[in-house]
2 protein chains.
Amino acid sequence: MLKQIASILEDKIYNSLKEQVEKYSSLTAEEWSSFSSYWEPCTFRKNQYMTKAGQVENWFYFVYDGVLRLYAAKDGEEINAGFTYNNDFSGEYASFLSQEPTEFYIQAITDCSLLRISYKNLMYMFDELKCIERFGRQFNAKILIDMAKRQLESRSFTAEEKYKRLLTQSPHILQLVPQKHLASYLGMTPETFSRLRAKVR
Amino acid sequence: MLKQIASILEDKIYNSLKEQVEKYSSLTAEEWSSFSSYWEPCTFRKNQYMTKAGQVENWFYFVYDGVLRLYAAKDGEEINAGFTYNNDFSGEYASFLSQEPTEFYIQAITDCSLLRISYKNLMYMFDELKCIERFGRQFNAKILIDMAKRQLESRSFTAEEKYKRLLTQSPHILQLVPQKHLASYLGMTPETFSRLRAKVR
DNA sequence: TTGATTTCTTGATGTAGATCAAGTCGTGTT
DNA sequence: AACACGACTTGATCTACATCAAGAAATCAA
């Protein structure tokens, strides 16, 4: 009985993954069946580390439920580089791709439920299935486009402008992520973030 | 006679392209023959614009000879985002991939000699040849890894540290690109750049 | 529930780097 | 050769945001 419930939930998780993959490349039923067999469920508890600096990222993750943060530690201070929520892909992707040690930590902000595929298996899928090779290309393209946008924004806007843009463009994030992390993400101190909050309110 | 010289030069250019493509994915002779037929030579004169803000980037370029700079214009001020030299690929790649209007300009810093392939033809090649789809994925991965590195560096280092890193890691660039553009690339004013030059010297 | 941490707020002060300004050097043009 | 215009330098001043500090609020753990 409990097993049945668990299995229904698992179906839902795999369906969410399929939906996201198909945003980048469409798969036949057989292709999906093959591809999905390489993904395995995993979970992280709040505050647990998914990846730590110095490691080579071995997994490419799909977040079914939960919130994670990506940050680098530079002489004691944390530089938050991004967050992932439900239905995002996650992991330290640059290290995963280059198979070189990462400078980043990924930590669960809440309990998380995910699927993951190993580097070896994903590379195998790239070789075997053109639709997956395409998924890889398109997904890389998407990440790249987002990074280029963010990079320009971080250069063009003042602290106040960045705060306001966050407010209008991703208001949900304020509920999910502690302010100090958001401040760091926007490239300012928690004090500045707090003052802007008071000012704009 | 002149035609022969031109044709020998053109062979050299295509060979350089082949060499770079094969860094990402290996091609058989026939695959290369097909792929290379979609690339056409083109040139830009010093100061000429390859791409302007508002346009959708239609071309993916390979720089055989010359230097180009990529910059965005934010209320009158230029934000330099990158440079390309010999044997680099070039173009406003995020706009090329997304086929949405770019916010960037690309300007020739010197006379340039390039090859280029249109969006339509590259997409066609992605469909036709798995080795090219792979090239696309791997190239995207490389760009992405570089961007992630640069993003972290721009956050972690002071103006002086960034200047010193430029000095040790890409000293050649100082000869090729005017200081004011390098200053902007590092996220500081020309005055600050000049003062650091004096200080470090 | 209560005490202990951690996060957030608010004020006072400090500073890296920007801005403004004026001169010098270099380079291309006629 | 001369001159015009942009690139670079150097100094004086300014400012957005950081840092330091101390209290208030929220969250956590038993």
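Note on naming: letters A, B, ... go to the chains in the order of the sequence lines (proteins, then strands), and numbering restarts at 1 for each one. Side chains are part of it too, since the values below use all heavy atoms of this structure and drop only hydrogens, waters and symmetry mates. Bear in mind that the values here come from a model prediction, so they are computed numbers and not experimental data.
- With salt bridges taken as basic N to acidic carboxylate O contacts below 4.0 Å, none links A:Arg165 and A:Glu161.
- At least one side-chain nitrogen or oxygen of A:Arg197 sits closer than 4.0 Å to the OP1 or OP2 atom of C:dT9.
- A salt bridge does not link A:Glu153 to A:Lys162: none of the charged side-chain nitrogens sits closer than 4.0 Å to a carboxylate oxygen.
- For the pair B:Glu78 CD and D:dG6 P, the computed distance is 13 Å after rounding to whole Å.
- A:Tyr71 and A:Tyr105 have parallel rings, their planes meeting at less than 30° on a 0 to 90° scale where 60° marks the start of perpendicular.
- One interatomic measurement links the two molecules: CE of A:Met188 to P of D:dT19, which rounds to 13 Å at whole-angstrom precision.
- With D:dA12, C:dT9, D:dC8 as the candidates, the nucleotide lying closest to the side chain of B:Gln179 is D:dC8.
- Side-chain atoms of B:Glu191 come within donor-acceptor range of the base of C:dC20, with a qualifying N/O pair under 3.5 Å.
- Residue B:Gln169 qualifies as enclosed at atom CD: its count of foreign heavy atoms under 6.0 Å is above 12.
- In terms of position on DNA chain C, the residue among A:Val177 and B:Gly187 whose nearest nucleotide sits closer to the 5' end is A:Val177.
- The nearest heavy atom of DNA chain D to B:Thr192 and to B:Lys180 marks one nucleotide each, and the one closer to the 5' end goes with B:Lys180.
- Among the protein residues, B:Lys46 comes within range of no part of the nucleic acid, since none of its heavy atoms lies under 4.0 Å from any strand.
- Considering only the side chain of A:Arg195, D:dT19 comes nearest among C:dT9, C:dT19, D:dT19.
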